[in-house]
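Residue numbers run from 1 in the order of the sequence given. In what follows, every heavy atom counts, from backbone to side chain, and hydrogens, waters and symmetry copies are set aside.
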Amino acid sequence: MDQDNLFSEWTKMIGKGKLQAYQDSFARTFGISLCLMSLEGKTLTIWSNSSLFCYYMMKNNRVRCIQERHNAIKAAVADGQTSSFTCYMGLTYFISPVHYKGQVICVAYGGGINLGSDRIRLDNKLADNIPSLSEERYSDMLDLLQNTLELLDLNPVNDESVQGVPSSCDPADNEYLFLQHKLSRREMDIAYAVCQCLSNKQIGEKLFISEKTVKTHISNILSKMEMKDRMQLVMFCKEHDRE
């Protein structure tokens, strides 16, 4: 499956509205600009907290900005990890590759901040609004973003490989926690399958029940655990995984 189709499948599984809401919240919390971009540098989500200064510079130096962005994305994807770079104006940006089904499907591209650079010396009122972060807060922000993106690396297991529950959803790790929420044995089986990122159809086939029954069980599970959606359940399993 090509990159565009994988991205569409990924966003459909998560929910584009939820993805945009998280992106907006993250950008607002740290006072940065943020969006998802294709590997070619095309925006895939609406920019969050877009920088007026960067918009001004992009307008007047479009070719140079696009080339720097392209080179930075290419380097980050080749490395496979979150990386930072400083643009020609002295602003710091970061790029976090987003993985799905073993492939990089896009990148989280953001920043536009002053990270202690003395190169930002412009006689422009817009430059006065450039956000600043300490090295420590910047590092914490990147760790949080990468950890979140790893949680969203949903990789549905095909039927042939489903032999048990992966370590991140091991019954031995989470059964007691599920019992605390008064889940039945059937509900626990379905909860483990949801944590594997299986679809309702795959869960039904695995447990020999209908998709409608699976959907009903999942609604009951989320209600008992006071969760809004299955993504919270996946994150719950990841969070309580044993080291």
When you check the side-chain N and O atoms of Gln146 and Gln81, is any donor under 3.5 Å from an acceptor?
yes
Quick one: CG on Leu145 to CZ on Phe26, what's the gap to the nearest 0.5 Å?
4.5 Å
Residue pair Asn71 / Gln67, side-chain donor-acceptor N/O under 3.5 Å
yes
Hey, are Asp189 and Lys206 close enough for a salt bridge, meaning a charged N less than 4.0 Å from a carboxylate O?
no
Membership question, hydrophobic clusters at under 4.5 Å side-chain separation (ILVMFWY): are Tyr93 and Tyr88 in the same one?
yes
Would you name the heavy atoms of Val104 and Pro97 that are closest together and state the gap between them?
CG1-CB, 4.0 Å
Are Leu91 and Ile113 side-chain neighbours, meaning at least one heavy-atom pair lies under 4.5 Å?
no
May I ask you to decide if Phe7's main-chain N or O and Thr11's side chain share a donor-acceptor pair within less than 3.5 Å?
yes
Any side-chain donor paired with an acceptor under 3.5 Å for Asn49 and Ser33?
no
Thr213 side chain to Ile209 main-chain N or O, any donor-acceptor pair under 3.5 Å?
no
Pairwise side-chain contact, Ser199 with Gln202, heavy-atom cut-off 4.5 Å (strictly under):
yes
Any donor-acceptor N/O pair, Ser38 side chain to Glu40 backbone, under 3.5 Å:
yes
Start with the C-alpha gap between Leu233 and Ile221, add the side-chain angles, then the distance that decides, and say whether side-chain contact (heavy atoms from CB on, under 4.5 Å) holds.
CA-CA 9 Å; Leu233 181 56; Ile221 292 167; 4.2 Å; yes
Measure from the side-chain N and O atoms of Gln20 to the backbone N and O of Ile46, and report whether any donor-acceptor pair falls under 3.5 Å.
yes
Can you check whether Asp143's main-chain N or O pairs, donor with acceptor, with Asp140's side chain at less than 3.5 Å?
no
Apply side-chain contact (heavy atoms from CB on, under 4.5 Å) to residues Lys42 and Met37 and explain how you reach the verdict.
CA-CA 5 Å; Lys42 176 184 175 183; Met37 287 188 173; over 6 Å; no
Quick one: are Glu211 and Lys215 in side-chain contact, heavy atoms under 4.5 Å?
no
For the side chain of Gln232 and the backbone of Lys228, is there at least one donor-acceptor N/O pair under 3.5 Å apart?
yes
With no hydrogens and no angle check, is any side-chain donor or acceptor of Ser83 less than 3.5 Å from a backbone partner on Asp79?
no
For residues Tyr22 and Thr148, is any side-chain donor paired with an opposing acceptor at under 3.5 Å?
yes
With rounding to the nearest 0.5 Å, note down the distance linking CZ in Arg186 to CG in Leu207.
5.0 Å
For residues Asn200 and Arg230, is any side-chain donor paired with an opposing acceptor at under 3.5 Å?
yes
Check: Ser8 side chain, Asp4 main-chain N or O, donor-acceptor pair, under 3.5 Å:
yes
Separation of Asn220 CG from Met225 CE (nearest 0.5 Å)
13.0 Å
Between CD on residue Glu9 and CD1 on residue Ile14, distance to nearest 0.5 Å
11.0 Å
Heavy atoms of Thr92 and Ser84 approach each other most closely as CG2-CB, 4.5 Å
Please tell me if the side chains of Cys65 and Glu68 come closer than 4.5 Å, counting only heavy atoms from C-beta onward.
no
What is the distance from atom CG of Leu44 to atom CG of Leu36, rounded to the nearest 0.5 Å?
6.5 Å
In Å, rounded to the nearest 0.5 Å, how long is the span from CG of Asn114 to CE of Met89?
11.5 Å
Surrounding CG of Leu144 (heavy atoms of other residues, nucleotides or ligands, distance under 6.0 Å), is the total greater than 12?
yes
Ala108 and Leu149 have their tightest heavy-atom pair at CB-CD1, 4.2 Å
Report yes if the side chains of Ile95 and Thr82 come closer than 4.5 Å at any heavy-atom pair, otherwise no.
no
Validation row: Ser96, Tyr109 side chains within 4.5 angstrom (heavy atoms)
no
Looking only at side chains, do Ser219 and Thr216 share a donor and an acceptor under 3.5 Å apart?
no
Less than 4.5 Å apart, side chain to side chain, heavy atoms only: is that true for Gln23 and Cys35?
yes
Could you please spell out the steps behind the side-chain contact (heavy atoms from CB on, under 4.5 Å) verdict for Lys101 and Trp10?
CA-CA 9 Å; Lys101 290 188 174 181; Trp10 181 71; over 6 Å; no
Search all heavy atoms of Ile73 against all heavy atoms of Leu39 and return the closest pair with its distance.
CG2-O, 3.7 Å
So Ile105 and His99, side-chain contact (heavy atoms from CB on, under 4.5 Å) or not? Walk me through it.
CA-CA 6 Å; Ile105 58 170; His99 296 85; over 6 Å; no
Quick one: does Phe94's side chain get under 4.5 Å of Ile32's, heavy atoms only?
yes
